[in-house]
There are 2 protein chains.
Amino acid sequence: MTTSSLHDTMQTIGQQAKAAAKAMRAVSQQQKIKALLYLADKIQENADYLKAENAKDLAAAKENGLTPALLDRLTLSDKSIQTMVAGVRQIAHLDDPIGSLSSTRILPNGMQIAKMTIPLGVIGIIYESRPNVTIDAAALCLKAGNVAILRGGSEAFYSNTALASLIKEALAYAGLPDAAVQIIPTTDRAAVGHLVTMTDYIDVIIPRGGKGLLQRLANEAKVPLIMHLDGNCHMYLDRSANLDMAIELAFHAKTYRYGICGSLETLLVHQDIASQVLPTLAQKFTEKSVEMRGCPRTLEIIPSATPASEFDWQTEYLAPIIAIKIVDTIEQAINHIEQYSSGHTESIITEDMHAARQFQLLVDSAGVYVNLPTVFADGFEYGLGAEIGISTNRLHARGPVAVEGLTTYKWVLTGDGQMRS
Amino acid sequence: MTTSSLHDTMQTIGQQAKAAAKAMRAVSQQQKIKALLYLADKIQENADYLKAENAKDLAAAKENGLTPALLDRLTLSDKSIQTMVAGVRQIAHLDDPIGSLSSTRILPNGMQIAKMTIPLGVIGIIYESRPNVTIDAAALCLKAGNVAILRGGSEAFYSNTALASLIKEALAYAGLPDAAVQIIPTTDRAAVGHLVTMTDYIDVIIPRGGKGLLQRLANEAKVPLIMHLDGNCHMYLDRSANLDMAIELAFHAKTYRYGICGSLETLLVHQDIASQVLPTLAQKFTEKSVEMRGCPRTLEIIPSATPASEFDWQTEYLAPIIAIKIVDTIEQAINHIEQYSSGHTESIITEDMHAARQFQLLVDSAGVYVNLPTVFADGFEYGLGAEIGISTNRLHARGPVAVEGLTTYKWVLTGDGQMRS
C-alpha cells in the first residue's frame, strides 16, 4: 500500500470506529449476548474452514523459518478452537457492567449524583502470532460495549481474516454495527504507527507481544497504552515464614509455568531462615533443572548456584532460571523490590501480621500478596473473568484487565431545576 | 541556566520526588493533617510577607504590561490569602482515601482479594499566573499521599517561592519528606518540556492554563496528562421541558459566571417550544448584554441575534455570547452534541422520563445532567471537595478531579498457601 493510501485507509477505519462507538451506546445487553453466542456457534461450525485458512499461514511460516514455539502459537487446533468457543460463551454470560451506577448520593441541595459505568470507547489491540487473540479481544471489547480495531501479526493474516469474517456475521446477526470490530486489512507495518497516534479516533491501545514491540509502541504512542513491559516478580520469605509453605510457594511460583508474566523471577530470603529453606529449595530446583543465580551469601548455602549480577536483579527470565538474594531485614527486601520491580506482582510469605501489613502497605506494585504465589496474577484467578492483558500503569486499570477494565464512567446528575448560589 | 544544567536540575528533582513518593507511603493520616493545619497557620501568620513578595511580582508584571485581568489573578490580597487558609484547612479535614479497601471478596479457593486505594505517585502541576494554585495543588496532592512538582508561571516567581518556603516549613514540622513538594527553581520555559517527558519519575501531569499552553503540552507530553482542553457545554431544552425551568436554567447556565469551564456555550431548543421560550430568554439575555448567535430558525424568532457559523458551534466562548440552535428532535440534539461537544458537561431540560434516560445513556460527556444547569461541574458541588481541575480524559478520573482522583489502587491478596491448579 502506498503511504497516502495507508493513511486514508487508517483514517477511514478510525472514522468508522468512532461512528460505531456511538451506535454501541444504544445497544442492549441482549444484543451483545446474542452476537457472542452466535459467534461461538459459528466458530464451532467453521472449525474446518478455520483450520484450512490457518494452514496457509502455517505453510508460509514454515517457509519463513519461524521457530517451533512461534508455530505452536500460530496453530489453530481442534483444541484451541474449542477453547475459543468456550471462552466466548463464558464472556457472553459475564455480568454486563454497562450502565451500572455507583457512588450514588443525594447532595444537600437535593440533586442526585452517581457514576455510571460506560464503555471505554474505541480500543486498538495490537498483537502478535496467536490468532485466538482476535476472538478473545473482540469478545471482551464487545461485552463492555466497546469498538475494537484489531491488528494481528502478519504471520496470522489468513487465520485472522477468517475469524474476522465470522465476527462480521455475528455482528450483523445481532444488529450490532458492522464496524464494531474491524481488522486492519494490510500487513504493512506502518499501520501500527498510524494506530498508536490516531488520538482523534482511538481512546486506548492494548498491545500484547514481545518487549521489542511494546517498547517501540511506548515510544511512538500518542494514544494511551494499557500494558506491562515486564513482569519482574518477587517473593520475599520473611523470618517468620512457615518454612514448609515458603518452600512450596517459592517452588510453585517459579515452576508453575515459566512463560507467564506472574512467574517468580527473584526470590528474597531473610537471613534468619536462609539456611533452613534454601537447601531444600535448591534440591527441588535442581531436580526440575531450574538454574539458580545467587548473591554471595546464597552461594555459601547453595554451592551449585552461579553468582548473580546486576543483570539478574533486573531481568524477567520467563525461563527456568531464578535469582536468589539473602536480605537482613524486611526493609531491605522492600527496598530491593522498590529498586528492581516492574510493578507487576510481589508476595511476602510470613506468619507475622505486622510484616504482612508493612509489606502490603509499602510495596507499590499492581498486585501485593501475602502467603500466595505470584502466579495468581490472572483475571480468572481474581474472579474478574477473561483478561485482555495485565497492566502495570498507574492510571486506570491496574493488574489483570478484564471486562471491568475496559469500561470508564461518566457522572450523571439529576435535579429539579436547582441552581448554583 | 544552561541546557545541561537544566537537565541535571530536572533529573535531580525527579529523583528526589521518586524517593519522597516511597517515603510518603509510610506516612500516617495524622502527619498529613498536622502538615496541612500548620501550613494554614503559617500562611495566615505570614500574610504581610506574602503580600510583600507578591508586590515584587506585581511591580514586574506592571512593567511588562500585563493586562488588568492577569494582574488581578496574580494578586495576593488579604481576601485571597484568607481563601487559601480556609481551603487548606478544609482539605486537611477531608476523609483520607488512602488504604481504604473496596471490592473485597473471598475467592472460591479461600484467598481474600481487595482493591486498596493508594497515592497516584508523583504529580507534576503546570499552571499560570495564580499563585494560590501553589497552595491548593500542594495541599490536595499531600492529602492523597502524593508528591508534587510545581511549575508556576514565571510572573508569579517571588510569590510562589515565598509560598513554597512555608510549605517546606510545614513538611518539616510534620516529619514529611522535604521533597514531597518541590517548586521548579527556574523560570526557564524549557523546564516544562523536561517535566512532561520525565516518565521515569513523574506519574501524571495536571496542567492548568490557557488553551495554547495545554495544546502545546498535549503535543509534547510522554507523561499522561489529566486535563480538559475545552468546555464547550450544551443544554438541550426538550419539547416536554417545564418552560419556566427551561428559561431559568438556560439563563443561569450562561450567566452564572462566564469564565468557568462549565458555562453554557450552545443552547439547543426543540422546535415545538422554541417560540415559547426563546423570546423571553432573548429579552433576559439582551438585558444582561449577552450576545446571541443563532441558526436561521432562531433568527426568525430572535431578530436581534446574529447568524451563527460553524465557528460558533465549535467555540467555548467563556464570554457573554451564546450560540442557539433549533432542532427537530432529541436525536438531532444528541447528534449535535456528539459532533461538537468537548466531552465536558451537557444537560437536558425535560419532564419526560424517556427523554431523560435516552439523553443520559447516549450523551458521552464527563457530566450528563437532567434538569440542572451545566455550571454545577465543580468538585465542591459534586460533594468531592476541592478540585485540582476538570478532566475530559476517558481514562482514570473524569469530570472534577478532587482528592479521590489523585489516587489509584493496587490489588491486595491474602491467602494461606493456596496454589494454582
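Just so you know, these numbers use all the heavy atoms, side chains as well, and skip hydrogens, waters and symmetry mates. Chain naming here is simple, since letters A, B, ... match the order of the sequence lines and numbering starts at 1 in each.
When heavy atoms are compared at a cutoff of 4.5 Å, B:E381 approaches chain A by way of both its backbone and its side chain. Proximity to chain A (any heavy atom under 4.5 Å) is restricted, for B:Y256, to the side chain, taken from C-beta onward. With a 4.5 Å cut-off on non-hydrogen atoms, B:V375 touches chain A through its backbone and its side chain both. The part of B:A366 that comes within reach of chain A is its backbone (N, CA, C, O), which places non-hydrogen atoms under 4.5 angstrom from that chain. Proximity to chain A (any heavy atom under 4.5 Å) is restricted, for B:E404, to the side chain, taken from C-beta onward. Both the backbone and the side chain of B:L395 come within less than 4.5 Å of a heavy atom of chain A.
At a heavy-atom cut-off of under 4.5 Å, chain A is reached by B:M245, B:E248, B:L249 from residues 241-249 of chain B, listed in order of number. The contact list for residues 351-362 of chain A toward chain B, using heavy atoms and a distance under 4.5 Å, reads A:Q360, A:L361, A:L362 by residue number. Listed in order of number, the residues of residues 101-111 of chain A that approach chain B to under 4.5 Å between heavy atoms are A:R105, A:L107, A:N109, A:M111. Contacts with chain A (heavy atom to heavy atom, under 4.5 Å) involve these residues of residues 414-421 of chain B, listed by number: B:T414, B:G415, B:D416, B:G417, B:Q418, B:M419, B:R420, B:S421.
A donor atom on one side chain and an acceptor atom on the other are not found under 3.5 Å apart for B:D230 and B:S342. Side chains of B:S347 and B:T374: no donor on one and acceptor on the other come within 3.5 Å.
Ranked by non-hydrogen atom pairs under 4.5 Å with chain B, the options A:V370, A:L413, A:N371 are led by A:L413. If you tally non-hydrogen atom pairs under 4.5 Å between each of A:G343, A:A21, A:G383 and chain B, the highest count goes to A:G383. With respect to chain B, the highest number of heavy-atom pairs below 4.5 Å among A:M116, A:K222, A:K18 belongs to A:K222.
A:D203 places a side-chain N or O within donor-acceptor distance of the main-chain N or O of A:V122, the cut-off being under 3.5 Å. Remark: side-chain polar atoms of B:S100 are not paired, donor with acceptor, to backbone N or O of B:T117 under 3.5 angstrom. Side-chain atoms of A:H396 come within 3.5 Å of backbone N or O of A:G405 as a donor-acceptor pair.
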